[in-house]
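Notes to accompany the following structure.
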Number of protein chains: 2
Amino acid sequence: MSAQRSYRDIQEEVLRRIGSREWGPGDLIPSEIALAEEFNCARATINRALRELAEKGHLDRKRRAGTRVALTPVRQAIFDIPITRIEVEESGRAYRHLLLRRALETAPAPVYAALGLDADRPLLHVTAVHLADRQPFLYEDRWINTDAVPGVADADFSSLSANEWLVRNALISRGDLSFSAEAATPADADALGTTAGKPLFVIHRTTWIGATPVTAVRLAHAPGYQLTTTI
Amino acid sequence: MSAQRSYRDIQEEVLRRIGSREWGPGDLIPSEIALAEEFNCARATINRALRELAEKGHLDRKRRAGTRVALTPVRQAIFDIPITRIEVEESGRAYRHLLLRRALETAPAPVYAALGLDADRPLLHVTAVHLADRQPFLYEDRWINTDAVPGVADADFSSLSANEWLVRNALISRGDLSFSAEAATPADADALGTTAGKPLFVIHRTTWIGATPVTAVRLAHAPGYQLTTTI
DNA sequence: AAGTGGTCTAGACCACACC
DNA sequence: GTGTGGTCTAGACCACTTC
């Protein structure tokens, strides 16, 4: 092996050896130094190739213990979570949103639990429908901790949606996400122009800035919505 | 600025400057060489810090044009896609699976379309129910291209599920995924012990090895299933 | 032509885990 | 102690894009 190889070539070759069972699941593979000699390249190049494969779940690496082929090749799916307006516009449809409600009020107990806040504190409650080509696309039911983001108490979400306002004005550091299928509630059905009981694709999201809870939101998508990605 | 900083310190500082609007959305930030001087480190260290932030969606980088703060900070969610057995066992429940059907037959047209295969070729049809603590957890309806993986035509999926067999024996290089909410079909209801029409969390997945389609599968989860992650 | 990021090199020191 | 991966350096050349 005399030709020099780039880190991508090395990744390809490593994946080929894993795929062909030359290196089977759980096997120890040669050290970075050995591979650098084999591929006639610098150790840093091998390091980058293997480090990235480990991040993707193909390899397990430990100091001193060496690099092993992952026992269960965990496949990872990466979703972009765009602003709803962008998501609609990128699908080639016209975006509009309707603010339904904006009021400071006491939230249901699960909202306080998700945010880790005391139940005696009123939260800003915002509900809105996002439209794609005048058809209901998404029903958003959001609770905002007004202490978390300066200016949010004064924000009027009629022109800029709460979704977009928060993305632009709060640098979220952490969030919990859950995806599920739920039967449309009467409120969902009303907002989305469908009937109660219909299966809806629902996302629950709670976000923080550092240790401060910012917002808890339930996003109910119109029937037929699909979230797609590639691995 | 005389103390040396690691690439993680640099990432923290860059994120801080973005968060504080010192570098606003769309702004050009200093070049790698300039930052290397400011942080008193090698250009390679700056490169790694910025490259990783760009991969995460915080920055946009282009040769000659420089590095800019991303206009819309795309948040990404990463899901692990484990083998179903592992997913159940990690939730602390006992896993079992029941093979319902295993036959070479002609598939519905959408399956051929998803795989990009001619409709005259019979495919291996496998259906199974995965159980968690004896309760139905997932109903799997799978079509397999027997030409794609050596040995799959002879594999008996009664002890090792098709799901697990394929993960262990086929090194998937690419896959399409879609998540949606669907009303339970009579077959879903029967397999999952629920009633038709119930909202189910459904995953459609199609996978390839290189350019060769391997399998198309529909995974219908029992009512109440949630897919969760953190960003 | 020139300036940016993309990658590679050869060498070094360190942190960690196992001995 | 010892060997592994984790990281950093100083320098180099290249690829791409804009001028």
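In the text below, chain A, chain B and the rest are named by the order of the sequence lines, each starting its count at 1.
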Just the table, please: protein N/O against nucleotides 17-19 of chain D N/O, every pair under 3.5 Å.
none

Worksheet item: Nearest of dT9(C), dG5(D), dT7(C) to any side-chain atom of Cys41(A)?
Response: dT9(C)
Worksheet item: When you match Ile29(B) and Ala44(B) each to their closest nucleotide on DNA chain C, which lands nearer the 5' end?
Response: Ile29(B)
Worksheet item: Can you find a side chain N or O atom of Thr67(A) that sits less than 4.0 Å from OP1 or OP2 on dG5(D)?
Response: yes
Worksheet item: Quick one: Asp60(A) CG to dA17(C) P, roughly how many Å, whole number?
Response: 15 Å
Discussion item. I'd like to know whether the aromatic ring centres of Phe201(A) and Phe179(B) sit less than 6.0 Å apart in this structure.
Written reply: no
Discussion item. To the nearest 0.5 Å, what is the distance between CD on Gln76(B) and CD on Glu55(B)?
Written reply: 9.5 Å
Worksheet item: Just how far, in rounded Å, is P of dT4(C) from CD1 of Ile33(B)?
Response: 6 Å
Fill in: SB check Arg17(B) Glu38(B) (cutoff 4.0 Å)
yes
Worksheet item: Base, sugar-phosphate, or nothing: which does Arg48(A) touch, judged by heavy atoms less than 4.0 Å apart?
Response: sugar-phosphate
Worksheet item: Is there a side-chain hydrogen bond (donor to acceptor under 3.5 Å, both in side chains) between Arg8(A) and Ser6(A) once you walk through the steps?
Response: CA-CA 5 Å; Arg8(A) 288 177 193 278; Ser6(A) 76; over 6 Å; no
Worksheet item: Got a donor-acceptor pair under 3.5 Å from the side chain of Arg43(A) to the base of dG6(D)?
Response: yes
Worksheet item: If you check the Thr45(A) side chain, which of dC8(D), dG5(C), dC8(C) turns out closest?
Response: dC8(C)
Item to complete: To the nearest Å, give me how far apart CG (Asn47(A)) and C1' (dG11(C)) are.
Response: 14 Å
Fill in: Value in whole Å for how far the C1' atom of dA10(D) lies from CG of Asn40(B)
13 Å
Discussion item. Rounded to whole Å, please give me the gap between CD in Glu52(A) and C1' in dC8(C).
Written reply: 14 Å
Fill in: Whole-Å distance separating the CD atom of Glu55(A) from the C1' atom of dG6(D)
12 Å
Worksheet, complete the sentence: From CD1 of Ile10(A) across to P of dC8(C) the rounded distance in Å is 7 Å
Worksheet item: So, is Ser6(B) near the phosphate of dC8(D), with a side-chain N or O under 4.0 Å from OP1 or OP2?
Response: yes
Worksheet item: Who passes ring pair (Phe, Tyr, Trp, His ring centres under 6.0 Å) against His130(A), sequence neighbours left out?
Response: Tyr95(A), His97(A)
Worksheet item: Taking 4.0 angstrom as the limit, do Glu22(B) and Arg16(B) come out as a salt bridge?
Response: yes
Worksheet entry | Closest nucleotide among dT9(C), dT7(D), dA12(D) to the Ala42(A) side chain | dT9(C)
Practice prompt. Please tell me which of the listed nucleotides, dC8(C), dC8(D), dG5(C), lies nearest to the side chain of Tyr7(B)?
Written response: dC8(D)
Item to complete: To the nearest Å, give me how far apart CD1 (Ile46(B)) and C1' (dG6(C)) are.
Response: 15 Å
Item to complete: List the steps, then state whether side-chain hydrogen bond (donor to acceptor under 3.5 Å, both in side chains) holds for Thr84(B) with Asn163(B).
Response: CA-CA 7 Å; Thr84(B) 302; Asn163(B) 175 302; 3.2 Å; yes
